[in-house]
Amino acid sequence: SVVAKGGNAVATAVAAGTSAAAADVRAVLRDTSAPHKGHDDASGAVQEGMEASLLQWLEEEMDEAQILQNFAARELSTCGHKERIQISWLLIREHGRKEAIRLLFEGFRTILAANFHETTLYFWIHMVHYAMEAAANSAFDFKSFLVLNPVLVNSNLLLDYYTQEAIWHDPA
């Protein structure tokens with residue numbers, strides 16, 4: 001798990017809907033976020049951006065059944081980083097990794113059309129699966145999962161593993 005200590009208390013606070021969760025989230029992010037490749041210690045902007053995104057995601061109402069229904073109908077009103085992480089988590093939890101990959105590729109290939117990018121989707125599916133397996137926390141709700149794995153909020157995490165050139169290079 002990305003969060004070694006404090007995660008259970010934060011997850012409990014988030015699940016209970018307490019306002020103290022925001023302070024706990026900030027503390028967990030500070031304790032668990034080592035500088036990533038390409039980001040130096042002085043880059044507080046990355047940390048602040050992750051913190052703000054995580055808090056925003058935690059405050060949003062999430063109807064998991066409706067999200068899955070909209071995805072299956074290919075009718076997502078928004079299809080950003082959060083939706084990709086959440087739908088990946090939901091489908092892996094419900095169907096297992098192998099079937100989730102198939103469903104995610106079919107769905108996002110249709111929804112995103114020309115904006116579909118196989119490498120980035122594959123990366124995020126595996127990051128979500130790894131986080132679920134590492135913490136054995138797939139039974140929690142999505143908000144608790146985020147608190148235990150806050151680095152997944154950082155859409156630039158991909159750049160810790162790939163260069164921009166490698167991601168966007170078209171070999172054809």
Side-chain angles (χ1 to χ4, degrees), residues 1-3 7 10-11 14-15 17 21-22 25 29 33 36 45-162 164 166-170 172:
S1 170
V2 175
V3 178
V10 177
V14 170
V25 165
L29 282 172
S33 57
H36 296 290
V46 171
Q47 180 70 20
E48 289 174 15
M50 278 180 51
E51 188 176 295
S53 293
L54 180 59
L55 290 173
Q56 179 184 350
W57 290 14
L58 293 174
E59 291 171 357
E60 292 175 5
E61 291 297 320
M62 298 180 187
D63 180 345
E64 294 176 356
Q66 186 64 51
I67 290 166
L68 285 177
Q69 183 179 356
N70 292 348
F71 179 75
R74 311 300 190 249
E75 297 175 351
L76 292 177
S77 59
T78 306
C79 191
H81 180 63
K82 181 189 84 157
E83 289 74 24
R84 293 175 206 190
I85 298 295
Q86 184 175 27
I87 293 167
S88 294
W89 180 79
L90 288 166
L91 290 177
I92 291 168
R93 186 182 69 171
E94 188 172 316
H95 298 284
R97 186 186 64 82
K98 187 175 181 179
E99 180 65 5
I101 289 171
R102 186 187 69 75
L103 293 169
L104 288 159
F105 271 75
E106 282 179 6
F108 283 121
R109 190 173 277 125
T110 301
I111 293 166
L112 297 172
N115 293 321
F116 177 78
H117 194 278
E118 188 170 316
T119 302
T120 59
L121 180 60
Y122 199 70
F123 172 84
W124 287 111
I125 292 169
H126 284 290
M127 291 302 291
V128 169
H129 181 255
Y130 171 77
M132 291 170 78
E133 290 296 313
N137 65 4
S138 58
F140 291 172
D141 66 7
F142 184 65
K143 291 180 181 185
S144 298
F145 174 74
L146 287 175
V147 171
L148 291 171
N149 302 283
V151 73
L152 295 177
V153 173
N154 180 5
S155 62
N156 289 321
L157 180 65
L158 181 72
L159 299 176
D160 288 356
Y161 300 90
Y162 299 95
Q164 287 280 358
I167 295 168
W168 304 112
H169 175 71
D170 183 4

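Hydrogens, waters and symmetry mates are skipped; everything else that's a heavy atom, side chains included, is used. Computed from a predicted structure; not experimentally measured.
One side chain, Y122 or H126, offers a donor N or O that lies under 3.5 Å from an acceptor on the other.
For H95, there are no side-chain hydrogen bond (donor to acceptor under 3.5 Å, both in side chains) partners, not counting sequence neighbours. T120 pairs by the side chain to side chain contact (heavy atoms under 4.5 Å, CB included) definition with H117, L158, I167, not counting sequence neighbours. Take Q164 and apply the side-chain hydrogen bond (donor to acceptor under 3.5 Å, both in side chains) test, not counting sequence neighbours, and it matches W168. With sequence neighbours excluded, no residue forms a ring-ring contact (aromatic ring centres under 6.0 Å, His included) with H129. For the side-chain hydrogen bond (donor to acceptor under 3.5 Å, both in side chains) test, residues two or more places apart in sequence or in another chain that qualify with E60 are Q56, K82. Taking the side chain to side chain contact (heavy atoms under 4.5 Å, CB included) definition, one finds that L90 meets it with E64, I67, L68, Q86, R93, sequence neighbours left out. Residues meeting the side-chain hydrogen bond (donor to acceptor under 3.5 Å, both in side chains) test with Q69, sequence neighbours left out: none.
Heavy atoms only, all atoms of each residue included: L146 and W57 are closest at CD1-CE3, 3.6 Å. R84 approaches C79 most closely through the heavy-atom pair NH2-O, 3.3 Å. Closest non-hydrogen pair, L58 versus K143, comes out as O-NZ, 2.8 Å. What you find for V153 and S53 is that their closest heavy atoms are CG1-CB, 3.2 Å. Here the closest non-hydrogen pair linking F142 and W89 is N-CH2, 3.3 Å. A pairwise comparison of heavy atoms in M132 and I92 identifies SD-CG2, 3.6 Å as the closest pair.
Residue L54 holds its CG atom at 10.0 Å from CG of L152, rounded to the nearest 0.5 Å.
Ring-plane geometry between F123 and Y162 is classed as perpendicular, the angle between the planes exceeding 60 degrees on a 0 to 90 degree scale with a lower cut at 30.
Heavy atoms of other residues, nucleotides or ligands lying less than 6.0 angstrom from CD of Q66 number more than 12.
Side chains of I87 and L76 form a contact here, defined as non-hydrogen atoms less than 4.5 Å apart. Annotation: side chain of W124 is in contact with side chain of H81 (closest heavy-atom distance under 4.5 Å).
Results of the side chain to side chain contact (heavy atoms under 4.5 Å, CB included) test with F145 over N149, D141, L148 single out N149 as the only residue that passes.
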Donor-acceptor list for residues 104-116 side chains, cut-off 3.5 Å, not counting sequence neighbours:
{"residue": "E106", "atom": "OE1", "partner": "R102", "partner atom": "NH1", "Å": "3.2"}
{"residue": "E106", "atom": "OE2", "partner": "R102", "partner atom": "NH1", "Å": "2.6"}
{"residue": "T110", "atom": "OG1", "partner": "E106", "partner atom": "O", "Å": "3.1"}

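Under the salt bridge (Lys or Arg N to Asp or Glu O under 4.0 Å) criterion, no residue pair touches residues 121-130, with sequence neighbours excluded. The stretch residues 66-75 participates, sequence neighbours left out, in no salt bridge (Lys or Arg N to Asp or Glu O under 4.0 Å) pair at all.
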